[in-house]
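What follows is a short report on a single structure.
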Amino acid sequence: MKVNFFYSAPYDKMLTIMSNLDYSTSQISEAKKCLGEIEKSWRKVEKKVVKEIEKISKLKFKEGVTCFLVKNMGYNALSHPLTIKMNSDYDKFNDVLLHEMIHLILIQSSESKELLYSLNRLYQKKDRSFIAHLPLLLIERRVVENLFGDKHYKNILKEDREIEGLKEVWEETNRLYDNFKNSKSGIVKFFEDELANK
């Protein structure tokens with residue numbers, strides 16, 4: 001699994017205009033400079049991040065992916081097509097990319113239907129965003145703690161709690177976390193067991 005970084009001026013222009021901002025051709029040179037630094041930073045951690053996501057989730061990435069860089073859009077990132085706002089804080093950029101990669105592995109998995117079935121039964125009154133982010137954040141917390149430490153996880157948690165809708169998901173994630181961490185099963189089996197024990 002390899003992330004290929006790409007800048008598309010028309011795509012960036014479209015998202016900038018959709019964000020009610022003025023597009024400038026200077027964004028092209030800014031993006032090219034940023035792209036090189038982002039790629040260099042990500043390559044330092046890419047293999048261990050991919051390996052850890054697969055190990056913890058017990059799922060496999062199916063293919064490489066293209067990550068589009070843009071200057072402006074309403075979100076920090078989209079998982080499909082993988083699109084991330086440029087950020088000169090490369091550690092934060094890597095955190096966002098790690099998060100989006102977990103979205104990707106959950107979507108690519110042939111077991112995603114089983115996972116959704118369990119989640120929808122367990123959390124019948126929760127919205128799609130909650131359902132999509134609960135397994136993701138369980139995996140993310142464990143990956144981040146294993147690779148970068150508890151302090152790094154706490155920094156991500158602090159920032160995510162400011163994002164609308166994620167505070168509640170993090171609360172449930174942290175409630176389930178010790179059981180998930182001590183479980184030998186991957187994310188799909190974990191929620192199947194949660195449903196069976198309900």
Side-chain angles (χ1 to χ4, degrees), residues 1-16 18 27-116 119 128-129 131-148 152-153 156 160 180 185-191:
M1 168 61 162
K2 184 176 180 181
V3 178
N4 298 301
F5 295 96
F6 188 77
Y7 176 75
S8 164
Y11 188 48
D12 190 21
K13 184 176 183 178
M14 177 189 73
L15 289 172
T16 297
M18 289 175 74
Q27 289 177 216
I28 297 170
S29 55
E30 183 182 343
K32 286 180 180 175
K33 180 183 174 194
C34 191
L35 192 141
E37 294 301 316
I38 282 170
E39 184 165 11
K40 190 166 45 171
S41 173
W42 175 251
R43 294 289 177 243
K44 291 177 186 174
V45 297
E46 181 176 51
K47 285 183 182 174
K48 67 182 181 180
V49 165
V50 168
K51 184 177 178 182
E52 197 69 15
I53 290 171
E54 289 183 335
K55 180 178 124 188
I56 288 167
S57 67
K58 303 274 192 281
L59 302 170
K60 290 281 184 199
F61 285 104
K62 293 203 180 335
E63 56 202 41
V65 66
T66 297
C67 177
F68 293 94
L69 301 179
V70 295
K71 171 97 175 160
N72 300 299
M73 70 173 172
Y75 303 106
N76 282 329
L78 298 170
S79 59
H80 193 73
L82 182 55
T83 308
I84 302 179
K85 267 194 210 178
M86 291 181 276
N87 189 336
S88 58
D89 183 334
Y90 306 123
D91 289 335
K92 281 188 182 177
F93 182 91
N94 288 347
D95 291 342
V96 172
L97 181 50
L98 184 152
H99 178 99
E100 296 307 320
M101 289 185 66
I102 299 170
H103 270 305
L104 289 173
I105 202 168
L106 291 171
I107 291 165
Q108 289 177 353
S109 169
S110 60
E111 298 172 86
S112 61
K113 286 181 183 173
E114 290 88 348
L115 179 59
L116 279 173
L119 289 164
R128 291 178 66 196
S129 180
I131 298 289
H133 280 97
L134 182 59
L136 185 152
L137 294 181
L138 279 167
I139 296 166
E140 181 177 351
R141 178 175 173 185
R142 196 152 166 213
V143 168
V144 169
E145 285 184 346
N146 288 356
L147 295 180
F148 308 112
H152 194 103
Y153 149 71
I156 290 172
D160 277 3
F180 179 65
S185 58
I187 197 70
V188 176
K189 181 77 167 68
F190 175 77
F191 279 108

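- Residues Asn94 and Leu98 have side chains not in contact (no heavy-atom distance under 4.5 Å, counting atoms from C-beta outward).
- Between Leu59 and Val188, some side-chain heavy-atom pair lies under the 4.5 Å cut-off.
- By the neighbour-count criterion of 12 heavy atoms within 6.0 Å, atom NZ of Lys47 is sparsely surrounded, having that number or fewer from other residues, nucleotides or ligands.
- Within the model, atoms CG of Leu116 and CD1 of Ile131 stand 8.0 Å from one another, a figure rounded to the nearest 0.5 Å.
- A 4.5 Å side-chain heavy-atom check between Met101 and Val3 finds at least one atom pair inside the cut-off.
- Once rounded to the nearest 0.5 Å, the distance linking CD of Glu140 with CD1 of Ile56 reads 11.0 Å.
- With values rounded to the nearest 0.5 angstrom, Asn72 atom CG is found 8.5 Å from Leu15 atom CG.
- In this structure, Leu106 and Ser112 approach most closely via the heavy-atom pair O-CB, 3.3 Å.
- Note that OG of Ser110 and NZ of Lys62 are 5.0 Å apart. Values are rounded to the nearest 0.5 Å.
- When all heavy atoms of Phe5 and Phe93 are compared, the closest pair comes out as CE2-CE2, 3.8 Å.
- Atom CG of Leu35 and atom CD1 of Ile28 lie 13.0 Å apart (nearest 0.5 Å).
- Nearest heavy-atom pair across Lys71 and Glu30 is NZ-OE2, 2.9 Å.
- The distance from atom CG of Leu137 to atom OH of Tyr153, rounded to the nearest 0.5 Å, is 9.5 Å.
- Leu115 places none of its side-chain heavy atoms less than 4.5 Å from the side chain of Ser109.
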Atom pairs and distances, side-chain donor-acceptor, residues 78-86, under 3.5 Å, sequence neighbours left out:
{"residue": "Thr83", "atom": "OG1", "partner": "Tyr11", "partner atom": "OH", "Å": "2.8"}
{"residue": "Thr83", "atom": "OG1", "partner": "Pro81", "partner atom": "O", "Å": "2.8"}
{"residue": "Lys85", "atom": "NZ", "partner": "Met73", "partner atom": "O", "Å": "3.2"}

Could you go through the side chain to side chain contact (heavy atoms under 4.5 Å, CB included) check for His99 and Ile156 one step at a time? CA-CA 10 Å; His99 178 99; Ile156 290 172; over 6 Å; no

Checking side-chain hydrogen bond (donor to acceptor under 3.5 Å, both in side chains) for the pair Asp91/His152: CA distance, chi angles, key distance, verdict? CA-CA 10 Å; Asp91 289 335; His152 194 103; over 6 Å; no

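- Ion pair Glu39/Arg43 flagged as a salt bridge, since at least one NZ, NE, NH1 or NH2 atom sits closer than 4.0 Å to an Asp/Glu carboxylate oxygen.
- Between Phe190 and Ser185 the shortest heavy-atom distance is N-OG, 3.7 Å.
- Judged purely by atom type and a 3.5 angstrom limit, Gln27 has no side-chain atom pairing as donor or acceptor with the backbone of Lys13.
- Other residues, nucleotides and ligands place no more than 12 heavy atoms under 6.0 Å from the CE atom of Met18.
- Taking a cutoff of 4.0 Å between a charged side-chain nitrogen and a carboxylate oxygen, Lys48 and Glu52 do not qualify as a salt bridge.
- Shortest non-hydrogen contact noted between Asn76 and Val96 is O-CG1, 4.5 Å.
- Side-chain contact between Phe180 and Ile187 is present, with at least one heavy-atom pair separated by less than 4.5 Å.
- Salt-bridge formation is not detected for the pair Arg142/Glu145: no Lys NZ or Arg NE/NH1/NH2 atom is positioned less than 4.0 Å from an Asp or Glu carboxylate oxygen.
- Minimum interatomic distance between Glu111 and Lys58 (heavy atoms only, all atoms of both residues): OE2-O, 4.4 Å.
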Please step through side chain to side chain contact (heavy atoms under 4.5 Å, CB included) for the pair Val45 and Leu147, ending with a clear verdict. CA-CA 9 Å; Val45 297; Leu147 295 180; over 6 Å; no

